[in-house]
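First up is the structure itself, then whatever we jot down about it.
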Amino acid sequence: MVTIAERLKSAYARVEKAAQQRQSDHFNDQPVTILAVSKTKPVELIEQAYIHGHRQFGESYVQEAVDKVIHLKEKRDIEWHFIGPIQSNKSRLIAEHFSWVQSVDREKIARRLNEQRPNNLLPLNVLIQVNISADENKSGCRLEEIDQLAEFIHNCRQLTLRGLMTITEQTDDKNKQLQYFQQMKACFDRLKDQYPQLDTLSMGMSGDLEPAIAAGATMVRIGTDIFGSRK
Ligand SMILES: *Cc1c(COP(=O)(O)O)cnc(C)c1O
């Protein structure tokens, strides 16, 4: 049986290879962080990845995620990222248990997270989720809404704007896929001119991390390739 350690190792190698390719293109030398997406997977598998040295984990379902965070709270150096759709009645749990939220796509949610983030915790790191393919079924704000939302988040004392996240449409059209990632990168660079502290462009998953890294991703979110397929 393939162990989590082996799967992690090949994920690191795959990302490293794509990042090196990018460097040889004189594109960008920022390292690429791997977020291990553990949604629907038991805490034992997260512990195995942890023992292997991995520290960044992503979850999509609030209640399941909070149970895991609480179960593993002795491992204080785990960095938990919330990456799923956010309903307003669940925002408090996210504000209290996570250090990052990658799926903020509207002002109402940002306002609640800011109000609900406990004062004894560091500000919550926030990525704005962008629906780059303008797909009806996807969450995320539209390109033209980014500036206003960024300004709002920037002015929230308990939130720190770190960058952008996207999930692109699943397509076999490699050119289209790359174009979406490049559009995101252009958008990120433009926003970074205004907010120089931005450092995170989260895009690319098990199926499309090479084009995402080629276009300039600083973080990829890998579920299946590390933890196996989900039901
Ligand atoms: C589930 C999920 C992933 C991981 O997808 P894989 O294809 O399993 O790598 C990445 N990002 C988000 C937002 C997800 O919900």
- Task: Just do the side chain to side chain contact (heavy atoms under 4.5 Å, CB included) check on Ser88 and Ile109 with the steps written out, would you?
- Result: CA-CA 6 Å; Ser88 30; Ile109 295 298; 4.0 Å; yes
- Quick one: pull up CD in Gln102 and CD1 in Ile167 and give me the separation to the nearest 0.5 Å. 9.5 Å
- Donor-acceptor contact present, side-chain Thr3 to main-chain Glu6, <3.5 Å: yes
- Item | Side-chain heavy-atom pair His52, Ile4 within 4.5 angstrom cut-off | no
- For Met205, does its backbone N or O pair with a side-chain atom of Asp208 as donor and acceptor, under 3.5 Å? yes
- Item | Main-chain N/O of Asn114 paired to Gln158 side chain as donor or acceptor, under 3.5 Å | no
- Query: Side chains of Arg7 and Leu45: does their closest heavy-atom pair fall under 4.5 Å?
  - Reply: no
- Would you check if the side chain of Arg14 reaches a backbone N or O of Ser206 as a donor-acceptor pair within less than 3.5 Å? yes
- Ala110 to Leu159 - nearest heavy-atom pair and separation: O-CD1, 3.5 Å
- Message: Within this structure, what is the NE2-CG distance for the pair His154 and Leu161, rounded to the nearest 0.5 Å?
- Response: 8.5 Å
- Note on the structure: Separation between OH (Tyr195) and CZ (Arg190), nearest 0.5 Å, reads 10.0 Å
- Query: Would you call Asp199-Arg162 a salt bridge at under 4.0 Å N-O?
  - Reply: yes
- Task: Give a yes or no answer on whether the side chain of His54 reaches the backbone of Ile34 with a donor-acceptor pair at less than 3.5 Å.
- Result: yes
- Minimal heavy-atom distance between Pro85 and Ser60, with the atoms involved, is CD-O, 4.4 Å
- Give the cluster check for Tyr61 versus Ile78: same hydrophobic cluster or not, with ILVMFWY residues linked at side-chain heavy-atom distances below 4.5 Å. no
- Query: With a cut-off of 6.0 Å (strictly less than), are more than 12 heavy atoms of other residues, nucleotides or ligands near CD1 of Ile70?
  - Reply: yes
- Side-chain touch Val37/Ile222, heavy atoms, less than 4.5 angstrom: no
- Message: I'd like to know if Leu198 and Phe181 are part of one continuous hydrophobic network [Ile/Leu/Val/Met/Phe/Trp/Tyr, side-chain heavy atoms within less than 4.5 Å].
- Response: yes
- Validation row: Leu93, Val66 side chains within 4.5 angstrom (heavy atoms): yes
- Is the ring centre of Phe98 less than 6.0 Å from the ring centre of His81? no
- So, for Ser103 and Ile83, which heavy atoms are closest and what is the spacing to 0.1 Å? OG-C, 3.7 Å
- Stepwise side chain to side chain contact (heavy atoms under 4.5 Å, CB included) test for Ile46 and Leu72: CA-CA 9 Å; Ile46 300 176; Leu72 295 170; 3.7 Å; yes
- Query: Could you state the interatomic distance from CG (Leu191) to CE (Met184), rounded to the nearest 0.5 Å?
  - Reply: 10.0 Å
- Could you tell me whether the side chain of Met165 reaches within less than 4.5 Å of the side chain of Ile128, counting heavy atoms only? no
- Heavy-atom check, side chain of Asn125 versus side chain of Val101, under 4.5 Å: no
- Message: Same cluster or not: Leu149 versus Leu201, using hydrophobic residues (I, L, V, M, F, W, Y) connected whenever any side-chain heavy atoms lie under 4.5 Å apart?
- Response: yes
- Answer yes or no: is there an ion pair linking Glu59 with Lys68, defined by an N-O contact shorter than 4.0 Å? yes
- Message: Side chains of Gln20 and Glu16: any donor to acceptor distance under 3.5 Å?
- Response: yes
- Heavy-atom side-chain proximity of Phe152 to Gln148 below 4.5 angstrom: no
- Cluster overlap Leu8 with Ile213, hydrophobic side-chain contacts below 4.5 Å: yes
- Answer yes or no: is there a side-chain heavy-atom contact under 4.5 Å between Asp172 and Gln177? no
- Is the side chain of Glu115 donor-acceptor paired with the backbone N or O of Arg112 at a distance under 3.5 Å, no angle test? no
- Message: For the CD atom on Glu151, are there more than 12 heavy atoms of other groups (residues, nucleotides or ligands in this structure) within a distance under 6.0 Å?
- Response: no
Considering only distance and modelled atom types, tabulate donor-acceptor pairs under 3.5 Å from the side chains of residues 137-146, sequence neighbours left out.
unit_1	atom_1	unit_2	atom_2	d
Lys138	NZ	Asp135	OD2	3.4
Glu145	OE1	Arg142	N	2.8

- Message: Could you measure the distance from the CG atom of Leu164 to the CZ atom of Phe188? Nearest 0.5 Å is fine.
- Response: 6.5 Å
- Task: Using atom types as modelled and distance alone, determine if a side-chain donor or acceptor of Thr200 lies under 3.5 Å from a backbone N or O of Gly163.
- Result: no
- Cationic tip of Lys75 above Tyr50 ring, under 6.0 Å, 45° of axis: yes
- Exercise: do Gln129 and Thr166 side chains pair donor with acceptor under 3.5 Å: no
- Test side chain to side chain contact (heavy atoms under 4.5 Å, CB included), reference Thr33, set Arg221, Glu79, Gln56, Arg55, output is Gln56
